[in-house]
Amino acid sequence: MTVGYNFLEIEKKWQDYWAKNQTFKAENNSLLPKYYVLDMFPYPSGAGLHVGHPLGYIASDIYSRYKRHKGFNVLHPQGYDSFGLPAEQYAIQTGQHPNITTETNINRYREQLDRMGFSFDWSRELRTSQADYYKWTQWIFLLLFDSYYCKKSDAAKPLSELVVQFEQTGNIHVDAVCDEKVIPFNSIDWSSYSEEEKQRILLKYRLAYLSDTEVNWCPELGTVLANDEIVNGVSERGGYPVTKKKMKQWSMRIGAYAERLLQGLEKIDWPDSLKEMQRNWIGKSTGAKVRFDIQGHDGQIEVFTTRPDTLFGVTFMTLAPEHELVDQITTQEQKEAVAAYVEASAQRSERDRMSDVKSISGVFTGAYAQHPFTKESVPVWIGDYVLAGYGTGAVMGVPCGDQRDYGFANHFDIQIKNIFEGADISKEAFTEKGNTKLKDSDFLNGLTYKEAMVSVIDKLEKDNSGEGNVNYRLRDAIFSRQRYWGEPIPIYYRDGFPVGLKPKNLPLELPEVEQYLPTPEGAPPLGNATTWAWDIVNEKVVSNTEINESTVFPLELNTMPGWAGSSWYFNRYMDSGNSEAFVSKEAVDYWQDVDLYLGGSEHATGHLLYSRFWQKFLFDLNLLPVDEYAKKLINQGMILGSSAFVYRKKGTQEYVSKNLIANVEVEPIRVDVSLVNSSNELNTEELKKWQPQFKDALFVLEDGVYLVGREVEKMSKSKYNVVNPDLICEQYGADTLRMYEMFLGPLEQAKPWNTAGISGVHSFLKKMWRLYHPNDSFSVSDSPASKEALKTLHQTIKKVTEDIENFSFNTCISSFMICVNELTAQKCNEKEVLEPLAVLLSPFASHFSEEIWELLGNKTSISNAPFPVHEPKYLVESTKNYPVSFNGKMRFTIELSLDLKKNEIEELILKEEKTQQQLQGRVPKKVIVVPGKIINIVG
RNA sequence: GCCUCGAUGGCGGAAUUGGUAGACGCGUUGGAUUCAAAAUCCAAUUCUCUCGGGAGUGUGGGUUCGAUUCCCACUCGAGGUACCA
């Protein structure tokens, strides 16, 4: 006979039951209302799942199960974002195919996930690296390639419609987003263009387009590096120098969607902080573009400014070092200095340039521009505080009105002209916009900021030297990656121009390569593939040796970035097995969108922005019913690791305990956290066995033990601070782990992992188990419960329901603990209370509740049992009676007995109100009685 | 640097959103039970002193009858910063 709470047996039993009965399989049609709960799918890393991963999954699982209890048809899927750099790095080192690495990791993840008893519908599992999935990622890419953005209808349209317009009227009446100014042409011009010319023009309109973009190039490694792979200006691998280099790259015209991405934030329930981040990232600013003629040169310098009202304060201009005009306008005398400066800034990363505001640097080009109104000469400088990627890559310098311009002018002794009436600019720039009037500004004299903005833009437009303009900080997203382990881009090159594969020819499968590194010539890893050419007659991939000029063409060598597959996966879950469509119309019409999305805020300006962009694009093509895919989003905080350190006396094998290191020269060394107990005591014998370097270690102890130092940092294999959930499941069970992770603190907050408190949650479950097993065997009473017990139950129902709805799971668990303590003290054994309590706990300790549910005589899974409803039959109140205070309103609490009538309570309140006023000794302006928590008064 | 968030006992955290600061859990101390241990149960537990008090929510100011909560200026920490996912 089973004595006590045998979690291992119970959890195994119910996990098998759920799998066998497909308890959590969601149907694509149902009379029940739908509810879609989504987790950000994991990248299957080699370190396996650590205790940080499940935090969000547990929270979403609790909510999914809760919604199921509430009568919803719940979709709660899971999958893997399985393309990524680590598997590729591993392949480079070991030669093992990333597919094998990925497969192994996924299997391990799945095993670990299964042990935690999640209510995932695994029948819908997807993997971004599988051909039947990335087929559709490629398909979406082709749609983007074959679309343009029509500003008139403010939506993406098929490129074929644009071609029709070109044929009929040229581009004169076309209002579309394109990457640079396209020379106007009419229908006759269009028909006279060569095919090559037509393609060149069309490429400027496509939403997925090719252009020259800057990348971090490492000549030694012959490869492009992510900013992440650059440490202190050199490559992380090998420490080689890195420079900027222009490369032909695929980009996505996300800029076309900037305004809609901004507006869309209004209608979704996402955290305000995250919306704010996206708003700042999109960075909308209104101002004007102003064009300055260059003296002795045909071109013009175009600047974007948010302060065209200060145009008469311009005393210099600054171009980004990468600006295309730099070479052309630099005078002979300045050539050397400019070249050196350009070279130097190419070595610096953009982030470095942005963070460094203290040092001012720049070089005079020797050239002069002409002020559009005064026609005065304005010296043109270059400076690395101007970024090529923002605005036009050039700024006008107004030292009196902008602090950075002020610093620049001061540093290089450039004239500072004051154009603000009554402003003191002797120490710093005057940046207020208020009602200060302008002076020395010709036709703007006497005008305020607002008036001058209107007036100056008007004049600029009349003179054709500028126009009002809205600028976005958001840049088009670079879509090419010089990597192997990603989706191949379904493009081949004919006469140097990209041609999309036909949808029926997808998927274009990743070819086998010998080497996962770039080719010796610096081509991406796919350049190593020998079978990577497209035969347009037979419509299949053929050997490179067959490439010719008429029917077989080279295929694209770049692959897609990590965010491609994750930008639409939430739609695929609705209908994941479909081989005819990326998602069927019926499925998407039923599920519509994600009701609750859970994931980390580190994706704020990456995945969470790109995916909104793709959703809007697919919506424009009438492929999806809604243009925002997630109604509500919650960011769970990261669980941090607590690394352990031992301290080695320099040059010896002696290790000094933490509190004795003060006067000793020591080097801290990370050791595995599993070698340390919760009191920070090191298991010295185990350490000796752990790594050879500790074999002959000597320990300087304090009070007979060796104490380690601790530091909180990101959980990672290399820091030896990973805590594996498997061990905890073994020791305490999945239910305890789930509850403990939630009990650790607020969901949104980052928190260090610490196993110390887990026994509290575990003993809660044991205590609760004993409620149902008063004498070591299951027994509940059918007699009616006491009023007291019912009060406790309903108090708990109310609190738990509110807390689940607010995702306040930590306080929710506190309520459970209080409840069980009270019921234990009351010796409650009645089914009337204990049965609803089991359902209440079921979203949290699911295995536990299933077991109790079965013991109570139920034949089906508890997961569909109706959730208990709070019936306010009994008043819930604290037993204290004290005055608080007031501020316009008055708050107090009154002790109440259970049997009071409504009018009796109101009398008590009135009486208390009078007492309070006397007690306070001050008469409030207005008295609103807010009687504490007495909200539910039922007659 | 910039954007976003955070800081409360020995520890994780709570505080009805401006009204008893420290719920709940861990840890610690004492007690019960036990031959003993485990398990379980009960009680105490912010600090400090001269036992009457005093101080107290990262620091310094401010608003208010009243501030963990609102405002200003800092310090420290986390995430992002466009090719990690």
Side-chain angles (χ1 to χ4, degrees), chain A residues 4 40-43 45 81 83-86 89 215-216 224-230 249 254 271-281 283 349-358 385 389 473-483 486 561-563 566 600-607 609-610 635 637-638 640 678-679 712-714 740 743-746 748-761 763-764 766-767 770 802 808 810-818 821 824 880 882-893 920-922 924 930 932-933 935:
Chain A
M40 287 184 188
F41 59 168
Y43 172 77
S45 94
D81 189 11
F83 272 134
L85 215 45
Q89 298 287 18
V215 294
N216 300 312
V224 175
L225 294 178
N227 283 340
D228 236 44
E229 298 172 288
I230 304 168
Q249 303 241 67
I254 189 174
D272 287 336
S273 58
L274 189 131
K275 288 193 198 177
E276 191 60 20
M277 273 192 254
Q278 291 208 345
R279 272 186 212 114
N280 293 334
W281 186 259
S349 73
E350 196 167 284
R351 198 183 302 177
D352 194 31
R353 281 165 60 174
M354 277 192 295
S355 22
D356 187 9
V357 289
K358 285 185 198 114
Y385 73 98
R473 203 184 72 103
L474 181 70
R475 303 207 286 255
D476 279 353
I478 300 172
F479 199 72
S480 299
R481 295 293 181 270
Q482 292 68 37
R483 311 278 183 196
W563 54 267
S566 59
S601 62
E602 66 269 25
H603 300 286
T605 52
H607 159 64
L609 201 58
Y610 296 132
N635 294 128
M638 189 180 286
L640 301 164
S678 56
S679 316
V712 171
E713 44 190 4
K714 209 165 170 170
Y740 182 60
F743 188 59
L744 219 46
E748 296 90 343
Q749 197 176 298
K751 46 210 165 253
W753 177 258
N754 176 9
T755 325
I758 199 165
S759 63
V761 176
S763 52
F764 155 76
K766 286 198 283 189
K767 210 181 235 186
R770 281 199 296 276
E802 280 170 9
S808 179
N810 55 330
T811 55
C812 186
I813 291 168
S814 293
S815 308
F816 276 122
M817 288 173 170
I818 296 168
N821 281 341
T824 305
K880 284 187 194 164
Y882 55 84
V884 185
S885 54
F886 65 89
N887 177 20
K889 64 189 178 183
M890 185 181 286
R891 284 172 171 276
F892 50 82
T893 311
Q920 294 296 335
R922 281 184 288 263
V930 182
K933 285 182 191 167
I935 297 152

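In the text below, chain A, chain B and the rest are named by the order of the sequence lines, each starting its count at 1.
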Report each atom pair, protein N/O against N/O of nucleotides 21-28 of chain B, whose distance is under 3.5 angstrom.
residue: B/rG25; atom: OP1; partner: A/Asn821; partner atom: ND2; Å: 3.4
residue: B/rC26; atom: O2'; partner: A/Ala756; partner atom: O; Å: 3.2

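- Residue contacts for A/Gln249: at a heavy-atom cut-off of 4.0 Å it reaches a base atom on one of the strands shown.
- Rounded to a whole angstrom, the distance from the C1' atom of B/rG9 to that of B/rU48 is 14 Å.
- Nucleotides B/rG62 and B/rU57 have their P atoms positioned 15 Å apart, rounded to a whole Å.
- Of the side-chain N and O atoms in A/Arg475, none sit less than 4.0 angstrom from OP1 or OP2 of B/rA82.
- In this structure B/rA55 sits in a base pair with B/rU46, meeting the Watson-Crick or G-U test at under 3.5 Å.
- With a cut-off of 3.5 Å on both pairing distances, the Watson-Crick or G-U wobble partner of B/rG10 is B/rC26.
- The CZ-C1' distance, from A/Arg481 to B/rA85, rounds to 12 Å in whole Å.
- Anti is the classification of B/rU45, since its glycosidic angle lies more than 90° from 0.
- The minimum heavy-atom distance linking A/Ala604 with A/Met277 is given by the pair CB-SD, 3.8 Å.
- One finds a side-chain N or O of A/Arg351 lying less than 4.0 angstrom from the OP1 or OP2 phosphate oxygen of B/rA82.
- Taking atom NZ of A/Lys751 as the reference point, atom C1' of B/rC5 lies 13 Å away to the nearest angstrom.
- Here the side chains of A/Tyr610 and A/Pro561 are not in contact, with every heavy-atom distance at 4.5 Å or above.
- A gap of 13 Å separates the P atoms of B/rC72 and B/rU4, to the nearest Å.
- Between A/Arg279 atom CZ and B/rC2 atom C1' the separation is 18 Å, expressed in whole Å.
- Under the Watson-Crick or G-U wobble criterion, with both distances below 3.5 Å, B/rC83 has no partner in any strand shown.
- Closest approach of A/Pro271 and A/Asn635 over heavy atoms only: CG-OD1, 3.4 Å.
- Spacing between atom NE2 of A/His607 and atom P of B/rC84 amounts to 16 Å, rounded to whole angstrom units.
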Contacts under 3.5 Å, N or O only, protein and nucleotides 77-80 of chain B:
residue: B/rG80; atom: O2'; partner: A/Thr605; partner atom: OG1; Å: 3.2

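- Residues satisfying the ring-ring contact (aromatic ring centres under 6.0 Å, His included) criterion with A/Phe479, sequence neighbours excluded, are A/Phe141, A/Trp563.
- Between the C1' atoms of B/rA85 and B/rU81, the separation comes to 15 Å (whole Å).
- By the 4.5 Å heavy-atom criterion applied to side chains, A/His607 and A/Glu602 are not counted as neighbours.
- In terms of polar N and O atoms assigned as donor or acceptor, the side chain of A/Arg483 comes within less than 3.5 Å of the base of B/rC83 in a complementary pairing.
- Here the side chains of A/His603 and A/Leu609 are not in contact, with every heavy-atom distance at 4.5 Å or above.
- Nucleotides B/rC24 and B/rU45 are separated by 15 Å at their C1' atoms, to the nearest Å.
- Under the rule for a ring-ring contact (aromatic ring centres under 6.0 Å, His included), the partners of A/Tyr385 that lie at least two apart in sequence or sit in another chain are A/Phe408.
- The shortest heavy-atom contact between A/Ser566 and A/Phe41 is CB-CE2, 3.6 Å.
- Taking atom CG of A/Asn635 as the reference point, atom P of B/rG6 lies 12 Å away to the nearest angstrom.
- For the P atoms, the distance linking B/rG31 with B/rA21 amounts to 33 Å, nearest Å.
- Pairing of B/rU20, defined by two Watson-Crick or G-U wobble distances under 3.5 Å, is not identified with any nucleotide.
- Taking 4.5 Å as the limit, some side-chain heavy atom of A/Leu85 sits within range of a side-chain heavy atom of A/Arg483.
- With contacts defined as side-chain heavy-atom distances shorter than 4.5 Å, the pair A/Phe743/A/Met817 qualifies.
- One finds a side-chain N or O of A/Asn227 lying less than 4.0 angstrom from the OP1 or OP2 phosphate oxygen of B/rA82.
- Residue-to-nucleotide contacts include a donor-acceptor pair under 3.5 Å from the side chain of A/Gln482 to the base of B/rC83.
- Of all the heavy atoms in A/Val224 and A/Val215, the pair that sits closest is CG1-CB, 3.9 Å.
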What nitrogen or oxygen pairs link the protein and nucleotides 67-69 of chain B at under 3.5 Å?
none

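- Between A/Gln749 and B/rG13 there is a side-chain polar atom (N or O) within less than 4.0 angstrom of OP1 or OP2.
- Residues that satisfy the ring-ring contact (aromatic ring centres under 6.0 Å, His included) test with A/Phe816, not counting sequence neighbours, are A/Phe844.
- Closest-nucleotide positions on RNA chain B for A/Arg473 and A/Leu274 were compared, and the one nearer the 5' end corresponds to A/Leu274.
- Between A/Asn821 and A/Lys767 there is a side-chain heavy-atom pair separated by less than 4.5 Å.
- Separation of the C1' atoms belonging to B/rU46 and B/rA14 is 15 Å when rounded to the nearest angstrom.
- At a threshold of 4.0 angstrom between heavy atoms, the contacts of A/Pro271 with the nucleic acid are absent.
- Glycosidic conformation, B/rG77: anti, with the torsion outside 90° of 0.
- Taking the C1' atom of each, B/rA73 and B/rA82 are spaced 32 Å apart, rounded to whole Å.
- A/Lys275 places none of its side-chain heavy atoms less than 4.5 Å from the side chain of A/Gln278.
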